[in-house]
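The sequence lines fix the lettering, A, B, ..., with proteins before strands; numbering per chain opens at 1.
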2 protein chains.
Amino acid sequence: MRATIKDVSALAQVSTKTVSRVLNKERYVSEDARQRVERAMADLNFRPSAAARTLAGKRSFQIALIYDNHSPHYIHQIQTGVWARCIEEGVRLLAQPSDAASTQLADEVGGLIDQTQVDGVILSSPVTDALAALDELERRGIPYVRISPGTEHGRSSSVSMDDVQAADDMTGHLIALGHRRIGFIIGHTNHTASDLRLFGYRRALDRAGIDFEPKYVRQGHFDFASGEAAADVLLDLPQPPTAIFASNDDMAAGVLTVAHRRGLSLPRDLSVAGFDDTALASQLWPPLTTVRQPTRELAYAAATLLFERQEDPVHRRLAHELVLRASTAAPAPE
Amino acid sequence: MRATIKDVSALAQVSTKTVSRVLNKERYVSEDARQRVERAMADLNFRPSAAARTLAGKRSFQIALIYDNHSPHYIHQIQTGVWARCIEEGVRLLAQPSDAASTQLADEVGGLIDQTQVDGVILSSPVTDALAALDELERRGIPYVRISPGTEHGRSSSVSMDDVQAADDMTGHLIALGHRRIGFIIGHTNHTASDLRLFGYRRALDRAGIDFEPKYVRQGHFDFASGEAAADVLLDLPQPPTAIFASNDDMAAGVLTVAHRRGLSLPRDLSVAGFDDTALASQLWPPLTTVRQPTRELAYAAATLLFERQEDPVHRRLAHELVLRASTAAPAPE
DNA sequence: GCGAGTTCTGACATCGCTGTCATACTAACA
DNA sequence: TGTTAGTATGACAGCGATGTCAGAACTCGC
């Protein structure tokens with residue numbers, strides 16, 4: 001049978017309460033008692049019951065990660081980052097896919113908390129902006145940290161990257177290569193990052209004195225198919241763009257496919273840039289110039305913030321990076 | 001404050017035990033009592049404490065998914081499939097990345113179970129073949145189901161696809177197109193599926209009366225880089241293959257990249273086939289002919305088996321499917 | 001050598017449920 | 001009417017930890 005605190009206390013000749021103190025690294029345990037207890041725990045291969053600790057105490061040693069994102073790479077990196085931090089902290093991770101747009105989301109979150117008594121929650125974009133869910137967390141006084149929130153930034157601790165600057169940098173790179181007609185594919189409307197990236201694109205054009213042309217901008221949804229559709233429209237223009245900057249790698253992959261299908265020679269006939277630097281980016285042909293979003297690190301930092309339990313909201317901004325590969329080059333002379 | 005069973009019982013004018021009976025859908029509750037209790041639960045927005053239920057009862061309403069796989073797509077599909085079934089069952093899912101080769105794995109699994117008292121465990125390949133971990137599960141009498149196990153098939157319930165037949169089918173397809181020199185890239189040695197796929201490749205060659213040539217077979221590790229490396233070696237042969245069949249899509253992507261880099265025209269100069277049908281396959285150029293592995297369905301079926309709690313091990317085999325895209329074609333005449 | 005403060009320890013109630021068991025009620029049959 | 005089997009219900013203990021609190025055993029300064 002599983003060993004319990006009682007077994008340990010009997011073996012170590014102390015009260016159960018003292019065992020509990022050792023387990024929780026509380027103060028006021030003599031060196032002697034501590035050693036006897038630790039010895040007994042090891043001998044019995046004692047593992048405390050999470051359920052009992054949760055019921056009796058104020059902690060559950062579990063946190064939840066709530067996400068709604070259809071990019072497996074993104075999710076995977078988020079999970080990996082949070083997970084790594086949880087291991088260090090000795091805390092379990094409950095994965096909670098969800099639908100950010102659902103009216104039941106707040107209720108689900110409430111249920112999750114009431115049932116599991118998680119010690120904290122990490123929200124990844126776009127669930128970060130489901131205000132009703134945030135209300136629910138706050139009503140219950142559950143600490144939470146948001147990854148790349150799009151709104152109400154003051155409301156909680158959060159981690160993020162500078163989407164505007166990143167898109168500005170990438171656009172600037174294309175301009176520096178000599179491009180003047182630069183297409184842009186907007187991301188999913190649910191994600192506030194989409195607006196920010198569009199803004200960065202416009203800011204860079206503006207600074208370079210290039211007119212913003214709405215016809216060069218298409219709406220996408222962060223997926224491959226919408227990238228293909230947008231590319232088809234852009235390349236059918238009488239004066240097609242010489243470069244296309246897609247708000248994420250999946251859509252950029254769609255652009256590459258359309259270009260190949262049309263028999264264009266890349267990057268001579270068309271430069272293509274993405275955003276995220278998912279594994280996909282380096283597996284495409286030609287390898288994709290993109291913005292490296294520090295997803296794993298963001299997730300790790302978010303978990304760190306959660307465990308630090310700051311009084312006031314803290315915001316951490318992590319650096320992005322331009323990853324230049326073979327999908328971008330100077331435009332062919334007209 | 002959160003409502004407890006006591007609050008519900010007071011409001012419904014029954015004992016706490018009766019509330020518990022309704023909650024657990026036990027027999028022997030009058031229609032009248034049931035309705036009053038349900039009403040009270042709804043009014044109070046009652047959510048049972050998972051910790052208390054676990055401590056008092058024999059179930060924890062949690063299962064764990066243990067995996068060690070570096071393909072985000074694969075993991076994502078596995079998670080999604082298991083998750084979908086958990087939702088239906090009202091059970092929470094604990095995600096547990098791990099290292100299948102680690103000597104501590106069994107200990108970690110033991111700790112997981114002792115601490116969380118999960119009701120069951122789903123293992124995905126290659127953790128399925130960590131025998132020490134299986135021992136640990138059996139010692140504790142925890143039901144578990146394996147997804148695509150490689151060994152000791154009789155030992156537990158499992159779900160799988162027919163890797164041999166799938167690889168045979170794909171190889172057969174290439175032969176039917178007219179290929180005679182067909183390269184093959186083996187998967188990671190940790191995964192038993194790797195051997196099975198190799199065997200399927202050989203079986204198809206054999207049936208077609210084509211000699212098996214070791215020089216056309218290279219070892220890979222299921223990742224992009226190893227696909228590139230293998231392709232470089234194969235294409236440097238004096239008589240290079242006219243088709244390359246990689247044991248997964250990531251490695252096939254590496255082959256495509258090498259082919260592009262060498263200026264080959266695809267699929268005329270080289271046919272390329274993959275395995276898995278991850279999202280990647282359709283995002284590459286040319287779109288990849290591959291085997292659709294029903295990953296999500298396998299995961300869903302595994303969870304279903306787990307909840308069914310069969311007496312004896314049950315095995316379910318799900319069908320694969322050849323997905324023919326533009327990366328394969330008849331070889332150019334010599 | 002005494003009070004004050006700090007360190008250490010254990011008794012006991014308690015967290016919110018479920019398992020066990022005793023009991024009461026109902027319908028069906030001899 | 002009495003017996004039996006099936007149905008319905010609640011009292012109560014207990015799951016395995018932690019929180020609270022009281023008290024004992026050490027320090028220290030004077």
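As a whole-Å value, the separation of B:D7 CG from C:dG16 C1' is 11 Å. At whole-Å resolution of the value, CZ in A:R36 and C1' in C:dG10 are 13 Å apart. One can place CG of A:L23 at 9 Å from C1' of D:dA17, the figure rounded to the nearest angstrom. With rounding to whole Å, B:Q13 atom CD is found 13 Å from D:dT9 atom P. Taking atom CD on A:E26 and atom P on C:dC8, their separation rounds to 13 Å, with Å as the unit. Here D:dA17 presents its C1' atom at 13 Å from CD of B:Q115, a figure rounded to the nearest Å. Rounded to an integer number of Å, the gap from A:L55 CG to C:dT14 C1' is 9 Å. C:dT14 atom P lies 22 Å from atom CZ of A:R53, rounded to whole Å.
Close to C:dG10, at under 4.0 Å from its OP1 or OP2, lies a side-chain N or O of A:S15. Checking the phosphate oxygens (OP1, OP2) of C:dC17, no side-chain nitrogen or oxygen of B:S20 falls inside 4.0 Å. At least one side-chain nitrogen or oxygen of B:S30 sits closer than 4.0 Å to the OP1 or OP2 atom of D:dT9. Between D:dG10 and B:T18, a contact under 4.0 Å exists linking OP1 or OP2 to a side-chain N or O.
At distances below 3.5 Å, at least one donor-acceptor pair connects side-chain atoms of B:S60 with backbone N or O atoms of B:Q117.
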Which pairs, protein N/O on one side and nucleotides 20-23 of chain C N/O on the other, fall under 3.5 Å?
none

Return the polar atom pairs (N/O with N/O) between nucleotides 3-6 of chain C and the protein under 3.5 Å, or none.
none

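Residues A:Q79 and A:L65 approach most closely at CG-CD2, 3.9 Å, considering heavy atoms.
Within the structure, salt bridge (charged side-chain N to carboxylate O under 4.0 Å, His left out) pairs that include any residue of residues 57-68 of chain B do not occur (at least two apart or interchain). Residue pairs meeting the salt bridge (charged side-chain N to carboxylate O under 4.0 Å, His left out) criterion with at least one member in residues 42-57 of chain A, sequence neighbours excluded, are A:R39-A:D43, A:R47-B:D107, A:R47-B:D114. Among residues at least two apart or in separate chains, salt bridge (charged side-chain N to carboxylate O under 4.0 Å, His left out) pairs with a member in residues 7-24 of chain A are A:R21-A:E26.
Residue B:A51 is classed as having no contact, given no heavy-atom separation below 4.0 Å to the nucleic acid. Contact annotation for B:F46: backbone-only contact, meaning every heavy-atom pair under 4.0 Å involves sugar-phosphate atoms and none involves a base. Within the 4.0 angstrom heavy-atom criterion, only backbone atoms of the sugar-phosphate kind lie near A:V14; the bases stay farther away. In this structure, B:V29 reaches the sugar-phosphate backbone alone: every heavy-atom distance under 4.0 Å involves primed, P, OP1 or OP2 atoms, never a base.
Every side-chain contact (heavy atoms from CB on, under 4.5 Å) that A:H191 has, sequence neighbours left out, goes to A:N69, A:S125, A:P126, A:H188, A:S194, A:F222. With sequence neighbours excluded, the residues that form a side-chain contact (heavy atoms from CB on, under 4.5 Å) with B:T189 are B:Q219. A:Y67 is linked by a ring-ring contact (aromatic ring centres under 6.0 Å, His included) to nothing, counting only residues two or more places apart in sequence or in another chain.
If you check residues 106-114 of chain A against DNA chain D, you find no residue with a heavy atom closer than 4.0 Å. Near-neighbour residues of DNA chain C inside residues 37-45 of chain A, defined by a heavy atom below 4.0 Å, are absent.
Residue A:Q62 is tested with A:L93, A:D119, A:V118 for a side-chain contact (heavy atoms from CB on, under 4.5 Å); the sole match is A:V118. Applying the side-chain contact (heavy atoms from CB on, under 4.5 Å) test between B:I66 and each of B:L94, B:L123, B:I122, B:L137 identifies B:L123 as the sole match. Each of B:S157, B:S156, B:S158 was checked for a side chain to side chain donor-acceptor pair (under 3.5 Å) with B:R146, and the lone residue meeting it is B:S156.
For B:T4, taking side-chain heavy atoms from C-beta onward, the closest of the listed nucleotides D:dT9, C:dC8, C:dG16 is C:dG16. In this structure, of D:dT9, C:dC15, C:dT18, it is C:dT18 that holds the atom nearest to the side chain of B:I5.
Crowding of A:Q104 atom CD: a count of heavy atoms from other residues, nucleotides or ligands under 6.0 Å not exceeding 12.
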(message) Run B:R85 and B:E308 through salt bridge (Lys or Arg N to Asp or Glu O under 4.0 Å) and show every step you take.
(response) CA-CA 12 Å; B:R85 192 69 189 76; B:E308 279 173 5; over 6 Å; no
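At a threshold of 4.0 Å, the pair B:R155-B:D135 counts as salt-bridged, since one of the basic side-chain nitrogens sits closer than that to a carboxylate oxygen.
Aromatic rings from A:H73 and B:H73 are positioned such that their centres are separated by under 6.0 Å.
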Only pairs under 3.5 Å count here: list side-chain donor-acceptor contacts from residues 27-34 of chain B, not counting sequence neighbours, and write none if there are none.
from  : atom 1 : to    : atom 2 : distance (Å)
B:S30 : OG     : B:A33 : N      : 3.2
B:E31 : OE2    : B:Q35 : NE2    : 3.3
B:D32 : OD2    : B:R36 : NH1    : 2.6

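Overall, the helix from C:dG1-D:dC30 to C:dA30-D:dT1 carries an axis bend of 30° between its ends, with five pairs at each end and the value rounded to 10°.
Using modelled atom types and a 3.5 Å distance limit, the side chains of A:Q77 and A:Y300 yield no donor-acceptor pair.
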